[in-house]
Protein chains: 2
Amino acid sequence: MHLTQETDYAMRIIYCLAKSGRRMDASSISEEMRISLRFSLKILGKLAGAGLVNSYKGMRGGYELARPADQITLKQVLDVIEGHAYAISRCLCEGEDCNRGMSGCCVFQNLWAQITSEVNQTLSGITFADMLARDTNRKTGTPD
Amino acid sequence: MHLTQETDYAMRIIYCLAKSGRRMDASSISEEMRISLRFSLKILGKLAGAGLVNSYKGMRGGYELARPADQITLKQVLDVIEGHAYAISRCLCEGEDCNRGMSGCCVFQNLWAQITSEVNQTLSGITFADMLARDTNRKTGTPD
DNA sequence: CTTAAAATATACCAAACTTGTATATTTTAT
DNA sequence: ATAAAATATACAAGTTTGGTATATTTTAAG
């Protein structure tokens with residue numbers, strides 16, 4: 001029912017990198033976000049594999065955003081961690097026999113598709129630059 | 001990430017009762033919906049406990065909707081099965097320390113709350129009478 | 001008043017998913 | 001050469017989900 005903890009962490013990690021604006025090693029990120037180092041590394045690996053962050057090996061290595069924060073959306077992070085699978089019902093998943101052996105698709109499918117699409121659109125419309133701005137507004141009391 | 005299978009089944013069961021308009025025993029429902037009898041009984045028990053369906057023991061017993069289909073929303077079914085817990089992030093769950101030991105709540109909370117609220121509103125606005133109409137329209141080719 | 005058809009209560013189990021850890025290897029700036 | 005970093009791969013504990021089993025209670029009908 002929820003975004004997984006891993007997705008939540010991934011969002012926080014990207015947010016952290018967006019906020020710092022600099023290259024950071026996994027230890028710093030994990031300390032700042034209070035996520036275990038190992039799990040941070042696992043997530044960073046996925047984010048790097050998907051091209052959202054660049055990774056640098058060796059001394060002075062670490063991670064940085066692969067592009068400016070205003071070009072990374074929440075939806076992109078979600079897709080990396082949950083594999084393009086965000087859908088409110090598994091009825092929408094490929095290969096799912098949502099009508100249980102009967103021909104056609106089930107009565108609910110159109111509705112689930114509509115809701116899923118709305119959520120995805122919202123998440124596609126929000127970048128990490130927006131999130132940084134939200135945080136600033138939050139602290140100064142400006143409404144969203 | 002998804003509504004659980006159980007929620008999906010519960011929706012189909014209520015839909016089935018709405019469509020038949022009569023009292024049905026669990027075996028008939030389970031056969032029609034292609035859900036195992038045992039699991040159907042479990043779900044029907046929850047729906048009866050929550051007052052969405054009435055149950056009758058003994059011979060000629062079975063289940064029927066506790067009120068007309070236009071007074072039962074998808075949201076009500078969701079709440080019965082997933083316990084008022086539908087939220088896109090567990091950040092919104094009671095007792096969740098979403099800011100990981102730091103004071104206040106996390107940057108994402110407002111956003112998750114907004115999205116969750118939108119989904120819940122959509123589901124609250126759709127009754128099983130609407131779903132029956134959708135099915136009819138689907139078969140006659142009328143768009144939603 | 002007996003019987004069979006139904007729901008109910010309770011407990012259990014297995015599979016899948018999530019979260020997290022461990023170990024060994026590779027890369028690279030200094 | 002070395003130490004600090006990422007990477008690859010595998011493993012495992014914990015939780016949730018999906019589903020089953022058994023025994024009991026209720027009730028219409030004969």
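Residue numbering restarts at 1 for every chain, and letters A, B, ... go by the order of the sequence lines.
Of the listed nucleotides (C/dT18, D/dA5, D/dG19), D/dG19 has the atom at the smallest distance from the side chain of B/Gln5.
Residue B/Leu44 comes nearest to B/Ala26 through the heavy atom pair CD1-CB, 3.9 Å, listed as atom of the first residue, atom of the second, then distance. Contact between A/Glu64 and A/Arg22 at its shortest, heavy atoms only, is CB-O, 4.3 Å.
One atom, CZ of A/Phe39, and another, C1' of C/dT18, lie 7 Å apart when rounded to the nearest Å. Atom CG in B/Leu41 sits roughly 18 Å away from atom P in D/dT25 (whole-Å rounding).
For A/Ser36, a side-chain nitrogen or oxygen approaches OP1 or OP2 of C/dT21 to under 4.0 Å. Considering only side-chain N and O atoms, A/Tyr9 lies under 4.0 angstrom from the phosphate OP1 or OP2 of C/dG20.
Electrostatic pairing of B/Lys75 and B/Asp79 counts as a salt bridge here, judged by a charged N lying under 4.0 Å from a carboxylate O.
Near DNA chain D, meaning a heavy atom under 4.0 Å from it, residues 43-59 of chain B has B/Lys57, B/Gly58, B/Met59 in order of number.
One can find a donor-acceptor pair under 3.5 Å joining the base of D/dT22 and the side-chain atoms of B/Arg38. No hydrogens or angles were tested; on distance alone, nothing pairs the side chain of B/Lys42 with the base of D/dG18 as donor and acceptor under 3.5 Å.
With 3.5 Å as the limit, one finds a donor-acceptor pair spanning the side chains of B/Thr4 and B/Thr7.
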